[in-house]
Amino acid sequence: MLVVMKNDATAEQVEAVIAEIQRLGFRGVPMPGAQRTAICIIGNKGPVEDTGLRALPGVKETIPVTKPYKLVSRETHTEPSVLTIGGIKIGTGEPVIMAGPCAVESEEQALTIAAIVKEHGAQVFRGGAFKPRTSPYAFQGLGEKGLKILDKVRRETGLLIVTEAIDSESLTAVEKYADIVQIGARNMQNYSLLRLAGQMKKPVLLKRGFAATIDEWLMAAEYIMSEGNPGVILCERGIRTFADNTRNTLDLSAIPSIKEVSHLPIIVDPSHAAGRRDYVIPLSRGAIAVGADGLLVEVHHDPAHALSDGMQSLYPEQFTELMREVKRLKNCL
Ligand code: PEP
Ligand code: MN
C-alpha cells in the first residue's frame, strides 16, 4: 500500500506516518516526489488495514499496490527515475553509452580501449575484473589487480567505471573501486548477493537472467531497493530461446514492458545478446528506437587476441560508427 501525503504535509507528519506503519509491524519507505511525498509500506504479506493511517494528519489518501513489487513499481513512483552518477544522468531519454572490453586484461589494454571509447563519446568504461565464466579453465579475470587498473582508467580518462561483482567477497572489493556495480545474468536471482548490493551506497546495474520473466527481474530489483539502495539500472542482455542464430535472443519488448510498470532506467547490452560483432550495430539501433536509456557494449582494439568474448567485441572503427548512428537516430527520433 502507498500512503500519499498532502502537498503541504510537514516532515514531522511524514515521520509520524512512518512510526505508525512500524507500530503495525511493517516498514514505511518515503518516496519523495516533485509534488508530494508518498510512503510505501513494505513487509506486509496481504492488505493492510488503512483506516488508522488515513486518519493521521497530513495524509491525503491510501492507494493499494496491486503488483508484487512495490519500490520498483510505477504505482509507487509515477515519474521515470533519473539517476545521477558522478556527473552523468541516466533515465533522461538521452542514451548513456557504457563501453569497453569484456574483461580487463592488462593496464595497457584497458587504457588503450578507454581512450578510444572516450574519444567517441562513451561516458562509462566497462570491463570485468571478476569474470563468471562458463568454463573453469577459461580466464577468470585479474581480480583486485583488475580493479586497480580500472581505478587508473577513471583517474586518467575521467570515465566512470562499471564492473561486475560475482559474490559477496568480490562485492566488497568492487564497491570500493566502481562507480556502478554490475550484477550479472548468472547472479540475477542470487538473493543474498542482491541484499548485500542493496546495503551498498553505489548504484547497481542489474542484468536480466537468461530465463527470467519481467516480473522475476523486477522482484530481483526489489530485493536491492528493499535494502535501502534506490540506485538500480536494469540491463536487457538477451534471453535463452530455441533460436540459435544468436548467442541469446535480444528481447526488445522488455524495454516498453519495463517502462510501463517500473520507473527504473533500462539499458541494453547488444553484445551478449548477439554473440557476434556484426549484429551489434543493428541491435543497438533497435534498442535506441524502442527507448532504451543507454547501451552496454563490448569493444576491443585487438578482438582476435581478447581473453574473453572477442567474437562479439566491436573493432574501434565499428564503435565510432555505432556512436555516429546512435546520435543520428536520436536526432531523427
Ligand atoms: C558481461 O557483461 O561481461 C557479462 C558476463 O554479462 P552477462 O552477465 O550478461 O552474461
Ligand atoms: Mn562479455
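As the structure lists them, so they are numbered: ligands from 1, and atoms in each ligand from 1. As the structure is a prediction and not an experimental result, all values here were calculated from the model.
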- The single option from K202, R154, R126 passing salt bridge (charged side-chain N to carboxylate O under 4.0 Å, His left out) against D179: R154
- Message: Any heavy-atom pair between the side chains of R208 and I214 that's under 4.5 Å?
- Response: yes
- Note: ligand 1 atoms sitting under 4.0 Å from heavy atoms of G184 are 8 (O)
- Using a 4.5 Å cut-off on heavy atoms from C-beta on, say whether the side chain of P47 contacts that of M1. no
- Item | Residue-ligand contact C102/ligand 1, heavy atom below 4.0 Å | yes
- Query: Tell me, do I233 and I85 make a side-chain contact under 4.5 Å, heavy atoms counted?
  - Reply: yes
- Among protein heavy atoms, which sits nearest to atom 8 (O) of ligand 1, and what does the distance come to when rounded to 0.1 Å? A185 N, 2.8 Å
- Value rounded to 0.5 Å, distance of CG in L295 from OG in S284: 5.0 Å
- Would you mind listing the cluster partners of Y315? Hydrophobic ones only (ILVMFWY), side-chain contacts under 4.5 Å, chaining allowed. none
- Item | Check: K207 N/O within less than 3.5 Å of ligand 1 N/O | yes
- Item | Of the N, O or S atoms in H272, the one nearest the Mn ion (ligand 2) | NE2
- Item | E298 neighbourhood, listing ligand 1 atoms whose heavy-atom distance to it stays under 4.0 Å | 3 (O)
- Note on the structure: Restricting E298 to its N/O/S atoms, the closest one to the Mn ion (ligand 2) is OE2
- Query: Heavy-atom distance under 4.5 Å between the side chains of M98 and V117, does that happen here?
  - Reply: no
- Query: With a 4.0 Å cut-off on heavy atoms, does R208 reach ligand 1?
  - Reply: no
- Based purely on interatomic distance, does L296 place a nitrogen or oxygen under 3.5 Å from a nitrogen or oxygen of ligand 1? no
- Task: Kindly indicate whether a cation-pi arrangement holds for R240 with F210, taking the cut-offs as under 6.0 Å to the six-membered ring centre and within 45° of the axis.
- Result: yes
- Can an N or O of R237 be found at a distance shorter than 3.5 Å from an N or O of ligand 1? yes
- Item | Of all N/O/S atoms in D309, the name of the one nearest the Mn ion (ligand 2) | OD2
- Query: What heavy-atom pair brings T66 and E75 nearest, and what distance separates the two atoms?
  - Reply: OG1-OE2, 2.7 Å
- Query: So which heavy atom in the protein is nearest atom 4 (C) of ligand 1, and how far is it from that ligand atom?
  - Reply: H272 NE2, 3.5 Å
- Query: Can an N or O of E164 be found at a distance shorter than 3.5 Å from an N or O of ligand 1?
  - Reply: no
